[in-house]
Amino acid sequence: MHCKSLFLAGLALLCAACTAKPEAPAIIPQPADITVNEGAFKVAGAAFQIEEGIPAEAVKAIGDFQAQVERVSGKKAGKGSAIRFLLNENIGPEGYALNVKPDGATVEASDFNGFFYAIQSIKQMLPVAIYGDKPAKGNWVIPCVSIIDSPRFAYRGLLLDCCRHFFPVEEVKKVLDLMAIHKMNRLHWHLTEDQGWRIEIKKYPKLTEVGAWRNGTQVFRRAETDSTRYGGFYTQDQLRDVVAYAAERGITIIPEVDLPGHMIAALASYPELGCTGGPYEVMQYWGVHKDVLCVGKEETFTFLEDVLTEVMDIFPSEYINIGGDECPKVRWKDCPRCQARIKKLGLKDKDGFTKEHYLQNYVTARIQKFINDHGRKIIGWDEILEGDLAEGATVMSWRGTKGGIKAVEKGFDVVMSPNTYCYIDYYQTKERDKEPYRIGKYLPAEKVYGYEPMEGMPADGEEHIYGVQANLWAEFLKTPEDMEYQLLPRMSAVTEVQWCAADNKDWDRFRASLDHMAKIYEQLGFTYCKALWGQIGMPGHEIPARSAAELDTLDYNKVPFMEE
Ligand code: ACM
Ligand code: ZN
């Protein structure tokens, strides 16, 4: 190359250097607005300055973060430039502004979650060792960014089913840690089921003495169980501890007492609450079962009100989830007490719904009133919309999006958790024969990511979409590792549906950021599905040899609306 060419090549390089934009940090969910400038700010050794008036819980979270930076970086805070935490009442709920310059940084927010989320964004820009407790090498700088951030939806939920399989408190806390990193703020905790009752209720001790235990668990999908006693429950002290742990991470726990169906564990404990009087056995099989609460009896309502009173005492959440899904009506049709109640209420078949459907509406309305009288609100699965639903209920759309759209059309608030996009218990690769056995079909991270909650909604519907939730049912999740494998990375994908405006989502950018997030999973010791990194299946997991075709033939759990 002669001189002139060398000179031109040098000029081109120089120009590339002066025009190249600094690389954007990998933050999931992607902030609403982020500008990346030249330079970096050293977090290790920085002074943490907290303005007066900041909520006490935020002061604690900032203190915890400072202590963690000191522990991991080995540098005491105080000598370097300052990170200043400032109250700014003009910033909306859960939002924050983060301004980072080489000689100082400011964090502004108006509430606890805002400050907490600013810290989460800072942590995602630091070396992943910040998620551990051990001293680690690193340069502990974050890029000079200017971020203005706030969520699209107020309710950003995850359902955890601890009934089909029971997960210990420590594992639930690990899930809460993950949710916090992702700025999720509602744990919908599924605590009562046909296969196990998991909440200690002082007034009804048999719910946990009897109802928390089953004599076997269905094997694969055969008409056979392993005949091994299985179960567990959370004491009220443990539940209160988890509620407090969640609150420190900006998460409200919404307990679900699923009624009037999915109640066989309660019936096994107190058979007098059923239409036939039993005997009943805590279910060893999955699926929808015909025995439900007898709602012709007043004792059933006394039971429900007593249970809900203790539940509301443990869980301070504004919402209580009352379930309402999959309640077969066959027992009610044959029960003299339920039929007497129908007659007394003057219920009739109407508008395509049977009088027994209206009997379920009566149950929902009566429980709703009880919960409202205690200053709380109800959420229930989209079945509660069939027939009549009283004003003030919030509908959780799970059978695809139809229920949610209909609810919005009728003026109800909705949480969208359509199985078609949000059921992360389904398979995440097509190679189901190489995966541990799961329920449902194929729901890859890309499809979860692509969900747009406004699709099919009335144009002014967004104000009724309270939020979006991913559901992790646990029929085939025997171990914490199984659970984590199903969660990750799809939980990361759903958080961008929950947090980001539709035009701020971008699969390629998200996929690139996921490489960094996967390092965080690893730092925290999580098992995750590596299909996006070219590895199919769960190492160490014994996989039954089943072809995909056989899985289809045998899949009695195949739900037709999944194909929507
Ligand atoms: C549900 O999946 N039965 C709500
Ligand atoms: Zn009955």
Side-chain angles (χ1 to χ4, degrees), residues 157-161 163-164 188-195 254 256-263 266-267 270-278 280 283 286-301 303-304 321-345 347 355-356 359-360 362-363 379-386 394-404 414-426 438-441 443 469-477 557-562 564:
L158 173 72
L159 173 144
L160 195 56
D161 168 14
C163 297
R164 273 51 175 268
H188 170 170
W189 205 357
H190 189 75
L191 288 167
T192 70
E193 251 308 339
D194 295 324
Q195 294 83 9
I254 299 180
E256 179 181 355
V257 176
D258 199 349
L259 65 97
H262 288 282
M263 270 283 171
L267 295 181
Y270 297 97
E272 63 275 20
L273 299 175
C275 290
T276 64
Y280 306 97
M283 287 305 301
W286 319 129
V288 177
H289 301 285
K290 59 179 181 269
D291 282 304
V292 301
L293 289 174
C294 175
V295 294
K297 294 177 185 168
E298 271 309 291
E299 298 90 298
T300 299
F301 289 92
F303 166 79
L304 288 174
N321 193 307
I322 57 140
D325 59 323
E326 299 176 322
C327 179
K329 310 292 189 287
V330 281
R331 292 296 191 217
W332 294 354
K333 282 197 165 85
D334 292 338
C335 171
R337 289 185 195 82
C338 288
Q339 288 302 317
R341 168 104 57 202
I342 284 174
K343 198 159 172 216
K344 193 164 161 218
L345 292 167
L347 304 178
K355 52 194 190 310
E356 285 77 18
L359 183 60
Q360 183 169 347
Y362 164 80
V363 177
I379 297 193
W381 299 111
D382 57 54
E383 283 91 335
I384 66 172
L385 197 64
E386 291 171 351
T394 296
V395 174
M396 190 164 261
S397 183
W398 75 275
R399 295 176 296 178
T401 57
K402 291 187 291 288
V414 296
V415 173
M416 298 304 291
S417 55
N419 60 327
T420 38
Y421 293 96
C422 294
Y423 268 42
I424 57 173
D425 50 334
Y426 293 177
R438 297 291 184 245
I439 211 161
K441 278 207 163 176
L443 180 59
Q469 177 172 287
N471 292 347
L472 187 55
W473 300 103
E475 280 90 340
F476 295 98
L477 309 184
N557 277 309
K558 195 152 70 177
V559 257
F561 40 75
M562 268 180 56
E564 186 200 34

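Predicted model, so just to flag it, every value in this text is computed and none were measured. Just follow the structure's listing: the first ligand is 1, and inside any ligand the first atom is 1.
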### Message
Among all protein heavy atoms in this structure, tell me which lies nearest to atom 3 (N) of ligand 1, with the distance rounded to 0.1 Å.
### Response
D325 OD2, 2.7 Å
### Message
Check the orientation of Y270 and F303. Use parallel for under 30°, tilted for 30 to 60°, and perpendicular for over 60°.
### Response
tilted
#### Entry: E298 with R341: basic N within carboxylate O range, under 4.0 Å
yes
### Task
Could you tell me which atoms of ligand 1, counted from 1 in the order shown, lie closer than 4.0 angstrom to a heavy atom of W398?
1 (C), 2 (O), 3 (N), 4 (C)
### Task
Taking atom types as modelled, find out whether W381 and E256 have a side-chain donor-acceptor pair closer than 3.5 angstrom.
yes
### Message
Counting non-hydrogen protein atoms only, what is the nearest one to atom 2 (O) of ligand 1? Give residue, atom name and distance.
### Response
Y423 OH, 2.6 Å
### Query
For the residue pair F476 and W286, does the interplanar ring angle fall in the parallel (under 30°), tilted (30 to 60°) or perpendicular (over 60°) class?
perpendicular
### Message
Suppose I only count heavy atoms of W473 and a 4.0 Å limit; which atoms of ligand 1 are within that range?
### Response
1 (C), 2 (O), 4 (C)
### Task
Have a look at the Zn ion (ligand 2) and estimate, to 10 degrees, the angle subtended by SG (C294) and SG (C335).
110°
### Query
Can you tell which of K329, E386, E383 makes a side chain to side chain donor-acceptor pair (under 3.5 Å) with Q360?
K329
### Message
Show the atoms of ligand 1 that are less than 4.0 angstrom away from any heavy atom in E326.
### Response
3 (N)
